[in-house]
Number of protein chains: 2
Amino acid sequence: MDTVREASGNPPGAAFLLAAIGAHATARFAERIAALELSPPQTGLMRVVVATPGRSQQELSELLGTPPSRLVGLVDGLAAKGLLERRRNETDRRLYALHPTAAGIAMIEKIGLVGREHDDAVCAALDDGERAVLRGLLVRIAAEQGLTPGVHPSYRRI
Amino acid sequence: MDTVREASGNPPGAAFLLAAIGAHATARFAERIAALELSPPQTGLMRVVVATPGRSQQELSELLGTPPSRLVGLVDGLAAKGLLERRRNETDRRLYALHPTAAGIAMIEKIGLVGREHDDAVCAALDDGERAVLRGLLVRIAAEQGLTPGVHPSYRRI
DNA sequence: TATTGTTATACTCTATAACTATA
DNA sequence: TATAGTTATAGAGTATAACAATA
């Protein structure tokens, strides 16, 4: 079948390829972690809570760049699964501190495993050296574009 | 401020970087193209119609991998702007053939310009040689992952 | 009876703003 | 009066399935 690119004679630029492959990678990752009964935003939040435990929802809201109201549902879901818990701050009882449970820490291990499998599948076309080159270029783009390392920008409002 | 990556000691893999930068690129492109009063899905459809004019909505639905019902709204919007038109097939009056108007072809030129500006902005961290290397790696990933060249996978249902 | 395009409906995800409880 | 967290509401975007017109 002839394709759009061939018909238009307009080879896509790097930015279009990044958008297309990024959306593809996002969809494939969502499929994989659905096996752990987690959504991608829940997964990102779990990572942050494990990386920096004890933060309030306000602090996480600030770090992720997402409205506090969005965090409520994510935390509710993860707490209902027993992966993290809200601990009242005794000196200021308006605040919660979020901490991973033992099950949450175990889950992070599984998430890491799924992530590595996913990474390997997405980069199947490249050998190890090429993957390193790609990562190097992507890290530089991410830094120049002002992306927070380790935080997916879909948390951010425009 | 310390970041999640630093705190977790878990450098993101290439797939996460692709997802994050891809989402960022998508959002930035949507901002740019909004100046032309188009949405990203409308833009993708315009590209396809200009590249291969005269197709029916069924054929485009098949090519893009999207339900026919979704195409209706996109075509409606583009037709209302006078960028493309539905022409009845006289031998089988169930079918429409989609054709760009003169205004639509002029719009494609603007879209191309916006796309090149966007590409340049996203890749600002890289010099020309590095951009070529990046494109080469991305094209190979896209091909191996089964992505249709020139078609954004967000049209595709899971 | 099958197919093209359309409409009706519902679902997911998210943001905004109003609300409560604490300070 | 201000702040942390929650709830209520609404909007965008999409898919599924029912539908009308044509074959």
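Per chain, numbering begins at 1; letters A, B, ... match sequence-line order.
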Among [options], find the nucleotide with the atom closest to the side chain of [X].
{"X": "B:Gln58", "options": "C:dG5, D:dT6, D:dA15", "value": "C:dG5"}
{"X": "B:Pro41", "options": "C:dA15, D:dT14, D:dT6", "value": "D:dT14"}
{"X": "A:Val72", "options": "D:dA15, C:dA15, D:dT6", "value": "D:dT6"}

Could you check how far [atom1] of [X] sits from [atom2] of [N], rounded to whole Å?
{"X": "B:Glu85", "N": "C:dG5", "atom1": "CD", "atom2": "P", "result": "15 Å"}
{"X": "B:His152", "N": "D:dT14", "atom1": "NE2", "atom2": "P", "result": "11 Å"}
{"X": "A:Leu98", "N": "D:dG5", "atom1": "CG", "atom2": "C1'", "result": "11 Å"}
{"X": "A:Arg156", "N": "C:dC13", "atom1": "CZ", "atom2": "C1'", "result": "19 Å"}
{"X": "B:Leu74", "N": "C:dT6", "atom1": "CG", "atom2": "C1'", "result": "14 Å"}
{"X": "B:Leu71", "N": "D:dG13", "atom1": "CG", "atom2": "C1'", "result": "15 Å"}
{"X": "B:Leu95", "N": "C:dA2", "atom1": "CG", "atom2": "C1'", "result": "13 Å"}
{"X": "B:Tyr96", "N": "D:dA21", "atom1": "OH", "atom2": "P", "result": "12 Å"}

Original post:
Looking only at heavy atoms, what is the nearest atom pair of A:Arg140 and B:Ala125, with distance?
Top reply: NH2-O, 3.0 Å
**OP:** To the nearest 10°, let me know how far the axis at one end of the helix from C:dT1-D:dA23 to C:dA23-D:dT1 is tilted from the axis at the other, five pairs an end.
**Re:** 30°
**OP:** Treat primed atoms plus P, OP1 and OP2 as sugar-phosphate and everything else as base, then score nucleotides 17-23 of chain C 5' to 3': B for base contact with protein heavy atoms under 4.0 Å, S for sugar-phosphate contact only, - for none.
**Re:** B----BS
Is the closest side-chain heavy-atom distance between [X] and [Y] below 4.5 Å?
{"X": "B:Arg131", "Y": "B:Asp120", "answer": "yes"}
{"X": "A:Leu78", "Y": "A:Gln42", "answer": "yes"}
{"X": "A:Leu63", "Y": "A:Glu59", "answer": "no"}

Original post:
Excluding sequence neighbours, so at least two apart, what forms side chain to side chain contact (heavy atoms under 4.5 Å, CB included) with A:Tyr96?
Top reply: A:Gln57, A:Arg86, A:Arg88
Original post:
Which word best sums up how the rings of A:Phe16 and B:His152 line up, parallel for under 30°, tilted for 30 to 60°, or perpendicular for over 60°?
Top reply: perpendicular
Original post:
Any donor-acceptor pair under 3.5 Å linking the side chain of B:Asp119 with the backbone of A:Ala14?
Top reply: yes
Original post:
For C:dT7, does either OP1 or OP2 sit under 4.0 Å from a side-chain N or O belonging to B:Arg70?
Top reply: no
Subject >> B:Gln145 versus A:His24, side-chain donor and acceptor atoms under 3.5 Å >> reply: yes
Original post:
When rounded to the nearest 0.5 angstrom, what distance separates CG in A:Leu84 from CD1 in A:Ile105?
Top reply: 11.0 Å
Subject >> Closest-nucleotide 5' rank along DNA chain C - winner of B:Glu59 and A:Ser39 >> reply: B:Glu59
